[in-house]
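Numbered from 1 within each chain, the chains take letters A, B, ... in sequence-line order.
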Amino acid sequence: MRTSCFDPMLMRQARIGRSLREVYDGVADSPMPDQFDALLSELDKIAVPERR
Amino acid sequence: MLLWGQLKRGEFMTIIQDQSTETNTANERDEEAVVPLDDATFKQRLAATIPHLRAFAYSLCGKMDVADDLVQDTMLKAWGARARFRPDTSMRAWTFVILRNCYISQMRRNKFTAPYDEGVAERTLTANSDQQAPLHLEDVRMALMQLGADQREAIILVGAGGFSYEEAAEICDCAVGTMKSRVSRARAALVAMLDGDSPIGTRRQRNSADEAMSDILGTLDKLSEGVTALAA
C-alpha cells in the first residue's frame, strides 16, 4: 500500500533530473584548458571568414 | 476565412509573395534598429558561455578532447559572425546553435562516431561523493550516452541546461511539440535504464547474479572436495 502522496515516477524523474544537472555541472565547473584563454586573447588577430 | 482548396495556384503564390515581402521589410527594419556589441563586450559574453558550451559539446560527442575542439571551432565561428548577434538575445542559445551546426558538419564530414569514453570521463569529470547524491553519476552518464542523439541533446538542453522548450526547439531547429516529445521519451528511457529495465540498470543486477553464481559454484566446489575426500 502506498503511504506517500508523491508519485514514484515523478520522484524517479526528479532524481534523474538532479543527476543530469550534476553531470552537466561537472563538465561546466571543471577547470578550463589554457587553450581557451589563449584563443580569447588571440581572437582580435584571427580573421575568420563569416559563414554560418 | 479562405480555404486552401478554394485558392487557385496564382492567388496562393501572390499571398505567399506578399507575406514574404512584408516579412523581409520587417526584418530589414529590425536589423537597422540593432546595434551590435562592441568587440570587448562580445568577447566577454562569449567567454562566459565557454563552460556551458563545453558541457553541451560533451553531451553531444561524449569525449572531452573532441568537445573542446568543437568549442574552439564554435568560438571562431561566433567571432566571425559577431556582427550578426543581436544583443537583446541569448548569447548562450546563439552559440549553442553554432556549436550544434559544427557538430553536425563534423559528423557528416568525418563520419566519426563518438563512443562513450569512461576513462576520459573519469579523469575529466568531478562527481560529488556525498550521501545525498541520488544516483551514481557514472550510471547516469552511461545511460545518457546510450540515448539517441536527438533525445540526448533535448534532455540536456531542457533538463540540465535550463532552456525552455521553446528555446531548445529553436536551438535544435524543430517544432516545440517535437522537443517536448523528445524530452519526454528521453526521460522515460533514462528511468527505464536506471531502474533496471535495460542494460545500464541491469549492470548491477547482473553483477549480483554473477556473485550469486560464484557463491553457488564455490559451495559446489567445497562439497565436491568433501565427496572426493570421502571417496579417497
Asks: If you take all heavy atoms of B:P51 and A:A28, which pair is closest and at what distance?
Replies: CB-O, 3.2 Å
Asks: Is it true that a side-chain atom of B:K43 and a backbone atom of A:L43 form a donor plus acceptor pair closer than 3.5 Å?
Replies: no
Asks: Measuring heavy-atom distances to chain A, does B:L53 have an atom under 4.5 Å in its side chain, in its backbone, in both, or in neither?
Replies: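 It is neither, since no heavy atom gets under 4.5 Å.
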Asks: How close do B:R54 and A:P31 get, heavy atom to heavy atom, and via which atoms?
Replies: NH1-O, 3.5 Å
Asks: Do the side chains of B:M64 and A:V27 get nearer than 4.5 Å, heavy atoms only?
Replies: yes
Asks: In terms of heavy-atom proximity below 4.5 Å to chain A, should B:L190 be classed as side chain, backbone, both, or neither?
Replies: both
Asks: Would you check if A:L40 and B:I50 make a side-chain contact, meaning some heavy-atom pair closer than 4.5 Å?
Replies: yes
Asks: More than 12 heavy atoms of other residues, nucleotides or ligands under 6.0 Å from CG of B:D173: is that the case?
Replies: no
Asks: Between CG of B:L194 and CD1 of A:I16, what distance do you get to the nearest 0.5 Å?
Replies: 4.5 Å
Asks: Let me confirm one number: the CG-CH2 distance from A:D44 to B:W79, rounded to the nearest 0.5 Å.
Replies: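 Answer for the CG-CH2 pair, A:D44 versus B:W79, is 4.5 Å.
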Asks: What's the separation between atom CD in A:Q35 and atom CD in B:Q72, rounded to the nearest 0.5 Å?
Replies: 4.5 Å
Asks: Under a 4.5 Å heavy-atom cutoff, which of B:V71, B:L144, B:D68 has the most pairs with chain A?
Replies: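 Maximum pair count with chain A is reached by B:D68.
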Asks: Could you go through the side chain to side chain contact (heavy atoms under 4.5 Å, CB included) check for A:S19 and B:R141 one step at a time?
Replies: CA-CA 9 Å; A:S19 299; B:R141 279 194 287 266; over 6 Å; no
Asks: Testing the basics here: between A:Y24 and B:F56, what is the closest heavy-atom pair and its distance to 0.1 Å?
Replies: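 For A:Y24 and B:F56, the tightest heavy-atom pair comes out as CE1-N, 4.3 Å.
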